There are 2 protein chains.
Amino acid sequence: MSADLHAIVATRLHADGQRYTPQRRRLVDILARAGSPLALPQVLRGGRGLAQSSVYRNLVALERAKVVSRVLTEEEFGRYELAEDLTGHHHHLICENCGTVEDVTIPAPVEATMRRTMTKLAGETGWSTVGHRLDLIGTCRDCG
Amino acid sequence: MSADLHAIVATRLHADGQRYTPQRRRLVDILARAGSPLALPQVLRGGRGLAQSSVYRNLVALERAKVVSRVLTEEEFGRYELAEDLTGHHHHLICENCGTVEDVTIPAPVEATMRRTMTKLAGETGWSTVGHRLDLIGTCRDCG
DNA sequence: CTCAGTGCAAAGGATTTGCATGCCG
DNA sequence: CGGCATGCAAATCCTTTGCACTGAG
């Protein structure tokens, strides 16, 4: 799967006129290995010799290429994960206390109902919807 | 309704050992009048002579008293609105392009299903959920 | 008189940008 | 060669904090 992942990422970056450099490959590996959204310090810890500013720049580049997405929590900083269409559609459990974020999926029927409702809703309000974000706020096993 | 609102706010602040000062009353009025989450500059514009730092401090105070809540968007700053139980449970339409946020409500049955699903999900994962956040990301009438 | 609230200026912290250098295409 | 990528340091921007002052109980 790793090889496929890199191939897809390469394609998307090239489609956006960008290169798939070693550092970007490392970032993708780090995020893929993590399996849940990482804050910047965690990303830096994931690989030695990464310059903070370059990591930020590369995350922006990867985000523009639809390879990575920035996740918002209650914390004062962002977290990053691989784009949904690379890992599968999912939602987040966010711990109010320690900020940890964990991925979850909800039953397909519920998901479908929600999606239908939202599309309809968007139409009624005159907006065009491109997606949704559903987060569960609570306390994790360790903090609960 | 305005009188009731202020009465409730006063009660909650007092319950938290805080005062309902003129400035806080103004903030509540501004947010109530807006009807959608406001960024700080908009709040400041809403009333003359408000010191930025005091507004931040008072928003924190109001948040602690469960009168105001901070809303996360894709923007690099927060937006503020009156707490849900004062205005009714709702979700947000967030414009990817200009950052505007608009309130929406979804049909009660769908809401109920979601709530049920999430409670169940939380149980299965060992987390305790206190709430959820559902945002629709898209483009607004003006930007679309 | 006491203590929360306020304003101003300075500090903090995440993220971005300027600039010189390195390297892939 | 030409231009994107990288690292370092400096700059930004939102938000928080220190401190002195005011005002309500």
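All values below were derived from every heavy atom in this structure, side-chain atoms included, with hydrogens, water molecules and symmetry-related copies excluded. We name chains A, B, ... by the order of the sequence lines, and we start the count at 1 in each one. Given the structure is predicted, the values throughout are model-derived calculations rather than measurements.
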Taking [atom1] from [X] and [atom2] from [N], how many angstroms apart are they, rounded to a whole number?
X	N	atom1	atom2	answer
B/L38	D/dC14	CG	C1'	16 Å
A/H14	D/dC4	NE2	P	14 Å
A/F77	C/dG12	CZ	P	19 Å
B/R25	C/dT6	CZ	C1'	18 Å
B/R19	C/dC3	CZ	P	11 Å
A/R24	D/dG7	CZ	P	12 Å
B/L62	C/dG5	CG	C1'	12 Å
B/Q18	D/dG25	CD	P	16 Å

Let's test your reading of the model: under 3.5 Å, does the base of D/dG18 pair with the side chain of B/R57 as donor and acceptor?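 Answer is yes: a donor-acceptor pair is held.
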Would you say a side-chain N or O of [X] is under 4.0 Å from OP1 or OP2 of [N]?
X	N	answer
A/Y56	C/dT15	yes
B/S54	C/dG7	yes
B/N58	C/dG5	no
A/T21	D/dT6	yes
A/R70	C/dT15	yes
A/Q23	D/dG7	yes

Students often get this wrong, so: under 4.0 angstrom with heavy atoms, is A/G78 touching a base, only sugar-phosphate, or nothing?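 If one applies the 4.0 Å heavy-atom cut-off, A/G78 turns out to touch the sugar-phosphate alone, with no base involved.
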Would you say the side-chain atoms of [X] and [Y] include a donor-acceptor pair closer than 3.5 Å?
X	Y	result
A/Q18	A/R12	no
B/H90	B/E102	no
A/E75	A/T73	yes

Backbone N or O of A/E63 within a donor-acceptor pair of the A/R70 side chain at under 3.5 Å?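 No.
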Candidate nucleotides D/dG7, D/dT15, C/dA9, ranked by approach to the side chain of B/Q52 - the nearest: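 Shortest atom-to-atom distance from the side chain points to D/dT15.
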Interatomic distance, A/T125 atom OG1 to B/L136 atom CG [nearest 0.5 angstrom]: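 The distance works out to 8.0 Å.
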